[in-house]
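Quick note on labels: first sequence line is chain A, next is B, and so on, each numbered from 1.
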2 protein chains.
Amino acid sequence: MNDRNGSGEESLLFLTDEQLRMGSEAMFFAYRAFTADPDRILEELGYGRAHHRALHFIRRSPGTTVNNLLSILGVTKQSLNRVLRRLIADGLVSSSVGHRDRRERNLHLTESGLALERRLSEAQRKRMRTAYRQAGPEAVAGFRKVLEAMMDEQMRRQFLGGREGGG
Amino acid sequence: MNDRNGSGEESLLFLTDEQLRMGSEAMFFAYRAFTADPDRILEELGYGRAHHRALHFIRRSPGTTVNNLLSILGVTKQSLNRVLRRLIADGLVSSSVGHRDRRERNLHLTESGLALERRLSEAQRKRMRTAYRQAGPEAVAGFRKVLEAMMDEQMRRQFLGGREGGG
DNA sequence: TTGGAAAGTCAACAACGCTGACATAAACTT
DNA sequence: AAGTTTATGTCAGCGTTGTTGACTTTCCAA
């Protein structure tokens, strides 16, 4: 709340309201920059950010179900369905009936889906790569540490659970 | 592109595509968490994220003009106007004719505008504070460094230009 | 066989981006 | 003084992406 110094980390002066406000603002500007490059590509094709997110998470977990995707993305099925319907119609995503449970649909990227996902994520990675290089390895470790600490427990599990090795 | 090791920072293995993908994903999840708390308050009041942004930047630069706000937020005047109109009608923002240039409007937060902005930003700061404390001062420095490196030059100037002291 | 979960669809709505067109006042230029 | 530019505001309309609610179909499991 206020900067009463004297005790441990509190005295390191990076928890003042003003410092925290700057942190928020940095998040705002950085996130805008972070989405800007893929947004340009998406616009050419008449897609939006939601399409990118779907492509990203289907690539990350091939064969994932709609329900699983819903819980990761945190949107309603109606909202996701609109996006998926279009991606399937456009031949970027394939939806196949589940093996064990035939109510489920397993989602995969098609070749052209993979190609678009690669194009989008490469645009995004290019910016990340430049930023990481500029900031250096220690800064990157700190960056990741703060981002993870910022997530809710549930999100953190989804984030860390998506792959094997950590960061 | 690929992890051909051997030269300088490249060999530190934090620039592989997979590492960069994880960075992107961390940004996605963290940003969702970052906006979640104020979003809940805004929803109660029938406002959206755009209202929060306007309140934030008017508080940051009291007396700012509409044009200045437009260039910071990076939206069209029609879009901003819709938000400002509501905030002014609701008595959260005051708009006064400029002194030097009477075409301009100087924007300020009213008392209730200040109160809401405080409530929103405090909710956001609370999460930042917790994350910062968990991650520690070095991580915070790295976090800020990467976020700044991620911005476009123009954004970085707006970010750093808004106040006196840096980070 | 029946209950309920999973998936999909339709309708309607809201927030918030966008474009284009137009109005007004003030300031600047010629 | 007349014309142009700038700052702002507003109207109309559109698209993406979120929401709720209602409903159907499919199909697993008790």
Side-chain angles (χ1 to χ4, degrees), chain A residues 28 31-32 35-36 38-58 63-90 93-107 120, chain B residues 28 31-32 35-36 38-58 63-90 93-107 120:
Chain A
F28 167 68
Y31 197 78
R32 256 225 323 230
T35 55
D39 278 359
R40 265 188 293 273
I41 297 170
L42 290 160
E43 206 198 350
E44 285 174 27
L45 305 171
Y47 294 121
R49 233 173 257 182
H51 299 90
H52 184 187
R53 289 198 281 267
L55 293 173
H56 171 96
F57 285 106
I58 295 172
T64 189
T65 63
V66 172
N67 247 13
N68 184 36
L69 214 48
L70 282 177
S71 73
I72 289 173
L73 293 171
V75 297
T76 60
K77 69 172 172 174
Q78 293 90 332
S79 199
L80 176 58
N81 188 258
R82 186 166 36 199
V83 168
L84 280 181
R85 210 187 314 166
R86 172 103 186 273
L87 291 173
I88 292 169
D90 292 357
V93 168
S94 74
S95 164
S96 55
V97 174
H99 296 288
R100 308 164 317 241
D101 188 334
R102 293 165 40 112
R103 285 168 305 180
E104 293 181 343
R105 296 291 177 275
N106 294 124
L107 304 170
L120 291 168
Chain B
F28 167 67
Y31 197 79
R32 257 227 321 232
T35 55
D39 279 358
R40 266 187 293 273
I41 299 170
L42 290 160
E43 204 197 351
E44 284 175 24
L45 305 170
Y47 293 123
R49 230 172 259 181
H51 299 92
H52 184 187
R53 289 198 282 267
L55 293 173
H56 171 96
F57 285 105
I58 295 172
T64 189
T65 63
V66 173
N67 248 10
N68 185 36
L69 213 48
L70 281 178
S71 73
I72 288 173
L73 294 172
V75 297
T76 60
K77 68 172 176 174
Q78 292 92 329
S79 198
L80 177 58
N81 188 258
R82 186 165 37 193
V83 168
L84 280 181
R85 209 188 312 168
R86 171 103 187 271
L87 291 174
I88 291 169
D90 292 357
V93 167
S94 75
S95 164
S96 56
V97 173
H99 296 286
R100 309 167 314 241
D101 188 333
R102 296 170 34 120
R103 285 170 308 181
E104 293 181 343
R105 297 290 177 274
N106 294 123
L107 303 170
L120 292 168

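- Using a 30° and 60° split on the angle between ring planes, A:His51 and A:Tyr47 fall in the tilted class, from 30° to 60°.
- Distance, A:Arg102 CZ to C:dA5 C1': 16 Å, rounded to whole Å.
- Note that OG1 of B:Thr65 and CG of B:Leu70 are 8.0 Å apart. Values are rounded to the nearest 0.5 Å.
- Both B:Leu84 and A:Gly46 lie close to DNA chain D; mapped to their nearest nucleotides by heavy-atom distance, the more 5′-ward contact belongs to B:Leu84.
- The 5' end of DNA chain D is approached more closely, in terms of each residue's nearest nucleotide, by A:Val83 than by the other of A:Arg105 and A:Val83.
- Atoms CG (B:Leu70) and C1' (D:dA7) sit 10 Å apart, rounded to a whole Å.
- Distances shorter than 4.0 Å separate some side-chain N or O of A:Arg53 from OP1 or OP2 on D:dG18.
- Comparing the end axes of the helix from C:dT1-D:dA30 to C:dT30-D:dA1, each fitted to five base pairs by superposing C1' atoms of four pairs onto the next four, gives an inter-axis angle of 10° (nearest 10 degrees).
- A distance of 12.0 Å separates CZ in A:Arg105 from CG in A:Asn67, rounded to the nearest 0.5 Å.
- The interatomic distance linking A:Lys77 (NZ) with C:dA11 (P) rounds to 16 Å, in whole Å.
- Closest to the A:Arg85 side chain, of the nucleotides C:dC16, C:dC10, D:dG9, is C:dC10.
- The side chain of A:Ser79 contributes no N or O atom lying less than 4.0 Å from OP1 or OP2 of D:dT17.
- Exactly one residue among B:Asp39, B:Ile41, B:Leu120, B:Val83 makes a side chain to side chain contact (heavy atoms under 4.5 Å, CB included) with B:His52. That residue is B:Leu120.
- Between C:dA27, C:dA21, C:dC16, one nucleotide has an atom nearer to the side chain of B:Arg49 than all others, and that is C:dC16.
- The OH atom of B:Tyr47 sits 11 Å away from the P atom of C:dC16 (whole-angstrom rounding).
- Distance CG (B:Asp39) to C1' (C:dA15): 11 Å, rounded to an integer number of Å.
- The CD atom of A:Glu104 sits 9.0 Å away from the OG1 atom of A:Thr64 when rounded to the nearest 0.5 Å.
- Between the CG atom of B:Leu80 and the P atom of D:dG9 there is a distance of 8 Å, rounded to whole Å.
- When only modelled atom types and interatomic distance are considered, A:Thr35 and A:Arg49 share a side-chain donor-acceptor pair under 3.5 Å.
- Checking B:Leu73, B:Leu80, B:Ile58 one by one against B:Arg53, the side chain to side chain contact (heavy atoms under 4.5 Å, CB included) holds for a single residue, B:Leu73.
- The ring of B:Phe28 has its center no closer than 6.0 angstrom to the ring center of A:Tyr31.
- Heavy-atom nearest nucleotides on DNA chain C were determined for A:Asp101 and for A:Asn81, and the one closer to the 5' end corresponds to A:Asp101.
- Side chain A:Arg103 to base C:dA5: a donor-acceptor pair is found below 3.5 Å.
- Listed nucleotides: D:dT8, D:dT19, C:dC16. Nearest to the side chain of B:Val66: D:dT8.
- For the OP1/OP2 pair of D:dT8 and a distance below 4.0 Å, the side-chain nitrogens and oxygens of B:Asn67 include at least one atom meeting the criterion.
- Atom pair A:Arg100:CZ and C:dA6:P shows a separation of 12 Å (rounding to whole Å applied).
- An OP1 or OP2 oxygen of D:dT16 is reached within less than 4.0 angstrom by no side-chain nitrogen or oxygen of A:His51.
- With the nearest nucleotide of DNA chain C identified for both B:Gln78 and B:Arg86, B:Arg86 has the one nearer the 5' end.
- Side-chain N/O atoms of A:Arg82 include none lying less than 4.0 angstrom from OP1 or OP2 on D:dT16.
- Per the geometry, NE2 belonging to A:His99 stands 13 Å off P belonging to D:dC28, to the nearest Å.
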